[in-house]
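Counting starts at 1 for both ligands and their atoms, following the listed order.
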Amino acid sequence: MDDLFSEACARALDAADPLPGLRGEFLVPRHGDGEQAYFCGNSLGLQPRRARVFVEEALEKWANEAVEGHFTAPAQWMTYHELVRDPLAELVGARPIEVVAMNTLTANLHLMMASFYRPGDGRDAILVEAGSFPSDRYAVESQLRFHGVDPARALVEVQPDGPGGTVSMAAIERAIGEHRDRLALVLWPGVQYRTGQAFDLAAIARMAHEAGAMAGFDLAHSVGNLPLALHDSGADFAVWCHYKYLNAGPGAVAGCFVHERHARTNRPRLAGWWGHEAATRFRMGPDFIPTPGAEGWQLSNPPVLALAPLRASLELFSRAGMPALRARSQRLTGYLQALIDARLGDTLEVLTPRESSQRGCQLSLRVAGGRERGRSLFEHLCRHGVLGDWREPDVIRISPVPLYNTHADVLRFAREVERWRTTRSAP
Ligand SMILES: *Cc1c(COP(=O)(O)O)cnc(C)c1O
C-alpha cells in the first residue's frame, strides 16, 4: 500500500473494511455515467431508499382511512413520534423519556431557552462561541432582548484561540470562570460547523454547572456523526436537526433532549396541546398538565409526512450501530487526511483538529491562495462530480459519511484536487 493515491489502494481499503457501509441503501445523485462523490452529508444527507416506503405508507393511510389514520395500526398518527423515540434515544445516549422528535432545530432552541434561560438573581448572561451558527446567535440574542436584557452586556462570546479558528478547553474554562457569578446559560455546539472541531460535552456541562449555570448543546453537526452520551454528559438540554447526518430529508422534523432530572419540572414553558399528559389530553380541559419528560415540550400533533423518512434512516443506524460507524468514519477521514498530508499540503490547509477525538467526519480545508483560487477549485470539483460545500471566504468542507461514502470517493476527491492543481500551474 505504498501508493495511497492508487485506485488499487482505495479499492483494497474498501474491500477490507469490516463495515462495508450501506451505500446501496441510499440514492446517490448521478454524475455522467456514474455516481457523485457526495461529501455534503453535513448539510443534507442522502435519501435512504426506504424513506419512500414510509412516506407512501402515510400517504396511503391518508387516502384510505383519512381521519381514522390517527387511530389505526400500524403507525397510527396519534403516537407517530413514539416510533422514533427509542432508536433516537439509543443514538444520542439518552433514556427514552429524555428525547422527542418535534418542530425544527431553531424552534426547539427557543422552546428550551424559554424554560432554561430564566434571568434573575443577578444572573442573566449567556455564554456562546464567537462565530456561532447565525440561527443560534439570532435565537440567543432575541431571547436576551425578549427578557429585556441587553446583549451588548449579557452575550458573552468565547473567541477562538487555537490553530484554524479552534477553541481550547482552557479558553472555555477561563471564560466561564471570569463570568461565573452572572452566567445563566452556557450554550455550546457539539461539533463546530465551520471548523469541524468536536468538544467534550461532559466537561463543558460540568464547568457550566459548577458556575451555577445551565448547560445546553446544539448537536446539529454531532448527531449521527459522533457517538453521544447525552444522559451521562449531564446537559440540561440539547437540540439538533435530522436533515444533516440523520438523512431525514430537507426541513425534516428535528430532535430535542431534556435531561431526566427536569422530567417533572415546574419551570415555565411555552406549551401546546401535544405536550399535555397523553391519557387526559382529549378531555380538552383548560388546564395544562405536562407529559413527563421531553415530550412535555411538544406543541402540536406530529407532522407525519416530515417524520416518516427519519424512520428509514434510524433503521440503518440501528443496523450498523454507532460504534462501528464511528470506527469506519475514523478510517475514511483518516484516509482523507493521509492523502492531503502525502501530496496536497501546498494546496489545502486542514483547519480541523488532527486528533480524531476532537473531530467527527468533516475536514474543513482552507484553499491556499485566497478566495478566487478556492472558488476555482470548488467549481472544478463540482464539475467533476465531487460535491463538497463552500464556506466564505476560502474554505471547502468535505465530510466522508460512513453510511454511504467509500475510500474510492475520498480518493476521487484527492485526485481531482491534484488534476486541478496541474492545470492551474500550467503556463
Ligand atoms: C444546520 C444548523 C442549524 C439550522 O437550523 P434550522 O432551524 O434547522 O433551520 C442551526 N444551528 C446549527 C449549529 C446548524 O448546524
Side-chain angles (χ1 to χ4, degrees), residues 39-46 84 88 92 99-114 116-117 126-143 155 157-158 160 165-167 172 185-199 201 204 215-226 228 230 235 237-257 270 297-300 302-303 305-307 309-310 313 351-352 359-364 388-392 395-399 401:
F39 293 112
C40 291
N42 59 325
S43 184
L44 183 75
L46 293 180
V84 298
L88 209 48
V92 300
V99 299
V100 63
M102 63 179 187
N103 311 313
T104 55
L105 186 159
T106 308
N108 289 342
L109 182 54
H110 274 300
L111 292 178
M112 289 297 102
M113 284 195 284
F116 296 104
Y117 172 61
I126 303 181
L127 183 137
V128 297
E129 42 152 1
S132 56
F133 194 92
S135 198
D136 301 55
R137 184 172 169 109
Y138 306 152
V140 167
E141 202 171 318
S142 61
Q143 283 277 337
L155 186 59
E157 294 181 280
V158 184
T166 53
V167 184
I172 301 171
L185 171 66
V186 172
L187 179 68
W188 205 260
V191 172
Q192 216 285 340
Y193 80 100
R194 197 183 284 275
T195 62
Q197 181 183 10
F199 293 94
L201 302 182
I204 294 172
F217 294 113
D218 183 326
L219 304 179
H221 285 263
S222 311
V223 68
N225 180 15
L226 288 171
L228 293 165
L230 275 183
F237 69 85
V239 296
W240 60 88
C241 56
H242 286 139
Y243 48 80
K244 292 172 179 164
Y245 296 111
L246 260 288
N247 314 306
V253 173
C256 186
F257 163 91
L270 299 178
W297 274 266
Q298 291 176 107
L299 298 178
S300 304
L305 291 169
L307 258 175
L310 181 59
S313 179
L351 303 179
T352 309
R359 69 186 187 197
C361 69
Q362 170 187 328
L363 291 189
S364 301
D389 75 0
W390 176 256
R391 278 291 167 269
E392 295 290 351
V395 173
I396 296 174
R397 299 187 302 178
I398 296 291
S399 301
V401 165

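Using a 4.5 Å heavy-atom cutoff, the side chains of Gln197 and Val167 are in contact. Between His110 and Tyr117 the shortest side-chain heavy-atom distance does not fall below 4.5 Å.
Considering only residues two or more places apart in sequence or on other chains, Leu351 meets the side chain to side chain contact (heavy atoms under 4.5 Å, CB included) condition with Glu349, Ser364, Arg366, Val395. Residues passing the side chain to side chain donor-acceptor pair (under 3.5 Å) test with Ser135 are Thr106, sequence neighbours excluded.
Note on residues 185-195: pairs passing side chain to side chain donor-acceptor pair (under 3.5 Å), not counting sequence neighbours, are Glu129-Gln192.
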Please tabulate, line by line, the atom pairs linking an N/O of ligand 1 to a protein N/O at a distance below 3.5 Å, with the distance in Å to 0.1, or answer 'none'.
residue  : atom   : partner : partner atom : Å
ligand 1 : 5 (O)  : Thr106  : OG1          : 3.4
ligand 1 : 7 (O)  : Thr106  : N            : 2.9
ligand 1 : 7 (O)  : Thr106  : OG1          : 2.6
ligand 1 : 8 (O)  : Tyr243  : OH           : 2.5
ligand 1 : 11 (N) : Asp136  : OD1          : 2.6
ligand 1 : 11 (N) : Asp218  : OD2          : 3.3
ligand 1 : 15 (O) : His221  : NE2          : 3.0
ligand 1 : 15 (O) : Lys244  : NZ           : 2.5

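Within the model, atoms CG of Leu363 and CD1 of Ile398 stand 8.5 Å from one another, a figure rounded to the nearest 0.5 Å.
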